Amino acid sequence: GAVVSQHPSWVICKSGTSVKIECRSLDFQATTMFWYRQFPKQSLMLMATSNEGSKATYEQGVEKDKFLINHASLTLSTLTVTSAHPEDSSFYICSARGGGGRETQYFGPGTRLLVL
Amino acid sequence: AQTVTQSQPEMSVQEAETVTLSCTYDTSENNYYLFWYKQPPSRQMILVIRQEAYKQQNATENRFSVNFQKAAKSFSLKISDSQLGDTAMYFCAFMSGNNNDMRFGAGTRLTVKP
């Protein structure tokens with residue numbers, strides 16, 4: 001149980017385009033989902049926390065107009081990188097809280113974004 | 001703000017031996033949770049073990065156990081009978097019981113040698 005999927009697993013796009021990443025909890029309802037960013041050989045950096053049906057809470061330094069988060073249902077959250085630039089290239093990971101325990105986060109497999 | 005410190009960027013261990021990964025954290029809270037996550041080359045984050053701060057007993061999951069020292073704010077992970085599949089990045093994480101935000105340490109890259 002407690003499976004989280006992400007789609008796509010990797011994406012290459014041109015600078016200036018927008019990219020949408022989906023995060024789904026497959027076998028449990030996730031009232032809260034989290035989006036992280038991970039640069040090579042570094043730790044996970046929390047970008048934002050999204051609660052179903054409400055606006056996401058962004059961490060300091062994360063542009064909410066750049067990284068649009070929607071959490072429209074208990075099993076789906078989306079992250080849209082708007083007008084992507086090469087510096088947005090990174091590994092994006094979502095997680096969802098639920099399943100075995102409210103305090104445990106289960107992670108998706110990640111999405112590798114490369115902006116040319 | 002809570003901080004999580006992993007002071008060992010890299011470690012290695014021989015197959016079948018035991019290794020301990022260190023983690024310390026800083027918080028003024030009394031209600032919180034601690035986790036160890038494993039990130040293999042596939043980059044999928046996998047929960048290894050979790051510990052509730054209110055529990056004095058150290059958590060154990062098969063070959064994985066923790067040494068939770070609440071007063072010292074220390075949360076080390078012991079891997080017994082190391083296997084080649086244990087090779088991965090290991091992240092220590094702290095989650096507040098108040099706002100449920102999870103903060104990660106910088107990670108320790110563990111290599112199990114045959």
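Sequence lines set the chain letters: A, B, ... in the order given, protein chains first and strands last, and positions in each chain run from 1. Treat the numbers as computed from the prediction; the structure is a model and nothing was measured.
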Are [X] and [Y] in one and the same hydrophobic cluster, where Ile, Leu, Val, Met, Phe, Trp and Tyr link if side-chain heavy atoms are under 4.5 Å apart?
X: L68(A); Y: L113(A); result: no
X: M95(B); Y: Y32(B); result: no
X: Y37(B); Y: I93(A); result: yes
X: L46(A); Y: L79(A); result: no
X: L34(B); Y: L21(B); result: yes

ask   = If you round to the nearest 0.5 Å, how far is CZ of F104(B) from CD of Q42(A)?
value =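 Rounded to the nearest 0.5 Å, the CD-CZ separation comes out at 14.5 Å.
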query = Does any heavy atom of chain A fall under 4.5 Å from the side chain of Y33(B), the backbone, both, or neither of them?
reply =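 Side chain of Y33(B) only, per the 4.5 Å heavy-atom cut-off to chain A.
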query = What part of Q39(B) lies closer than 4.5 angstrom to a heavy atom of chain A: side chain, backbone, both or neither?
reply =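 Just the side chain, heavy atoms under 4.5 Å.
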request  = Would you indicate whether K78(B), at its atom NZ, is surrounded by more than 12 heavy atoms from other residues, nucleotides or ligands within a distance under 6.0 Å?
outcome  =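 Count not over threshold, so no.
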message = Counting only heavy atoms not in E87(A) (residues, nucleotides, ligands), do more than 12 fall under 6.0 Å from its CD?
response =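 Buried by this count: over 12 neighbours within 6.0 Å.
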request  = For each of F34(A), F91(A), Y36(A), tally heavy-atom pairs with chain B at distances under 4.5 Å, and name the one with the top tally.
outcome  =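 It is F91(A).
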task = Pick one of side chain, backbone, both or neither for E59(A), based on which atoms fall under 4.5 Å of a heavy atom in chain B.
result =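 The side chain, not the backbone.
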For the residue pair [X] and [Y], establish whether any side-chain heavy-atom pair is separated by less than 4.5 Å.
X: T104(A); Y: R50(B); result: yes
X: M89(B); Y: K41(A); result: no
X: M45(B); Y: Q105(A); result: no

request  = Identify the two heavy atoms, one from Q44(B) and one from F107(A), that lie closest to each other, and give their separation to 0.1 Å.
outcome  =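 Residues Q44(B) and F107(A), closest heavy atoms: NE2-O, 2.9 Å.
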query = What is the minimum heavy-atom distance between S43(A) and G105(B), and which atoms define it?
reply =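 Minimum heavy-atom separation between S43(A) and G105(B): OG-O, 2.5 Å.
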